[in-house]
Amino acid sequence: MAHHIVELIAQYGLLLVFINVLVEQAGAPVPAVPTMIVAGALAAADRLPLSGVLAVAVVACLVADFAWYAAGRYYGGGVMRTLCRISLSPDSCVKQSELRFQRWRGGMLLLAKFVPGLSTVAPPLVGAMGLRAAPFALFDGLGSLLWVGVAVSLGYVFASQIDDVLQALANAGSIALLLLGCLLALYITAKWWQRHRLLRTLRMARITVEELNQAFTDGRMPAVVDVRSSAARMVDTRIIPGALLADVNSVDRIIEAVPIDSELVIYCSCPNEASAAVVAKALMAQGYTRVRPLLGGLDAWDHAGLPIHRLVMVDDTVMTTTA
């Protein structure tokens with residue numbers, strides 16, 4: 001097994017490294033680090049050119065990342081919502097990335113590839129948030145070179161140990177493959193169970209866009225709260241007219257602004273209204289009795305053809321304007 005792996009990489013060399021890295025960076029669950037480590041070990045034995053391994057891996061990263069960057073640049077929040085929906089950790093991947101972008105902006109690309117889940121999400125996120133192509137190329141290129149360099153260097157420096165590990169796997173044969181498969185299955189199962197528990201805890205009555213619009217028509221005027229992060233609003237500037245801007249970490253602001261006997265409708269743009277439901281539960285724990293997430297969130301309201309306002313930035317101050 002070890003011999004076959006090494007010979008396969010040695011034979012197809014740079015092409016295999018390029019394809020493996022490209023496919024992984026495109027979002028497929030096909031790890032490229034082991035291939036780069038083995039390629040580094042082969043470079044140490046002069047069976048592959050070290051500079052060539054580094055170059056093709058970095059180019060593969062840039063090709064995949066620029067494709068995601070362009071998708072985020074031109075399709076914005078839609079790409080981010082799609083990534084979040086297919087993630088095993090819904091409502092966390094994009095949210096955490098937004099927070100990192102707010103703190104580091106394009107600089108987060110330097111370390112994005114070392115953080116599980118962030119590598120695929122970061123390029124479309126910075127594209128959607130308006131990072132220009134030149135800074136993106138600089139930060140992403142440096143981050144890719146750092147990531148590739150670490151993996152290839154490990155193989156290069158520990159070439160003899162890598163061979164021993166591969167030989168041990170070959171001796172273990174099918175048992176090693178079965179063990180690796182079981183570990184992968186356990187990881188996927190654990191993430192699925194985490195997702196299942198999240199959705200189960202968020203089960204509560206929702207209000208539909210038709211019901212909310214009818215409440216406005218009848219003059220009931222429930223308080224409406226937008227609980228997306230400020231970074232999410234930079235990507236998607238739509239809001240429901242009159243909505244209070246908050247987020248999952250500013251429940252106190254909602255409590256200060258909205259009387260406890262008020263009817264509240266909480267909305268977001270995340271799968272299963274997860275953020276809205278979290279905030280709704282927190283408000284209920286504070287004594288609010290008439291609070292519900294908006295079913296389908298902001299997208300459902302917009303798709304129903306109901307009024308939408310837009311946010312614009314003027315001197316770092318968020319202001320609203322009618323769309």
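Predicted, not measured: the structure shown is a model, and the values here were computed from it.
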Inter-residue atom distance [X].[atom1] - [Y].[atom2], 0.5 Å rounding:
X      : Y      : atom1 : atom2 : result
Leu54  : Ser144 : CG    : OG    : 12.0 Å
Leu306 : Leu298 : CG    : CG    : 11.0 Å
Leu154 : Ile37  : CG    : CD1   : 5.5 Å
His309 : Ile239 : NE2   : CD1   : 7.5 Å
Asp140 : Leu138 : CG    : CG    : 10.0 Å

Handout entry: Residues forming a side chain to side chain donor-acceptor pair (under 3.5 Å) with Ser153, sequence neighbours excluded
Key = none
Min side-chain heavy-atom separation [X]-[Y] under 4.5 Å:
X      : Y      : value
Arg238 : Asp299 : yes
Val53  : Leu14  : yes
Val225 : Leu283 : no
Ile240 : Val265 : no
Ile254 : Leu244 : yes
Leu146 : Leu111 : yes

List the residues meeting side chain to side chain contact (heavy atoms under 4.5 Å, CB included) with [X], not counting sequence neighbours, and say none if there are none.
X      : answer
Pro307 : Pro241, Trp301
Ala300 : Val209
Ala282 : Val251
Thr217 : Asn213, Gln214

Exercise for the section: Specify the closest pair of heavy atoms between Trp68 and Pro123, including all atoms of both residues, with the distance to one decimal. Expected result: CB-CB, 3.8 Å
Exercise for the section: Kindly give the heavy-atom pair with the smallest separation between Cys268 and Ala276, and that separation in Å. Expected result: SG-N, 3.6 Å
Show me, pair by pair, the donor-acceptor contacts under 3.5 angstrom made by side chains of residues 15-32, not counting sequence neighbours?
unit_1 : atom_1 : unit_2 : atom_2 : d
Asn20  : OD1    : Thr35  : OG1    : 2.5
Glu24  : OE2    : Ala32  : N      : 3.4
Gln25  : OE1    : Lys113 : NZ     : 2.6
Gln25  : OE1    : Ser119 : OG     : 2.9

Has the side chain of [X] got a donor or acceptor atom that lies under 3.5 Å from a matching backbone atom of [Y]?
X      : Y      : answer
Arg206 : Ala277 : no
Arg233 : Leu245 : no
Tyr69  : Leu131 : yes

All N/O donor-acceptor pairs, side-chain side in residues 284-296, below 3.5 Å, sequence neighbours left out:
unit_1 : atom_1 : unit_2 : atom_2 : d
Tyr288 : OH     : Val258 : O      : 2.6
Arg290 : NH2    : Asp261 : O      : 2.8

Handout entry: Residue pairs fulfilling ring pair (Phe, Tyr, Trp, His ring centres under 6.0 Å) with at least one residue in residues 242-268, sequence neighbours excluded
Key = none
Completion exercise
Sequence neighbours excluded, the answer for salt bridge (charged side-chain N to carboxylate O under 4.0 Å, His left out) partners of Asp247 is none
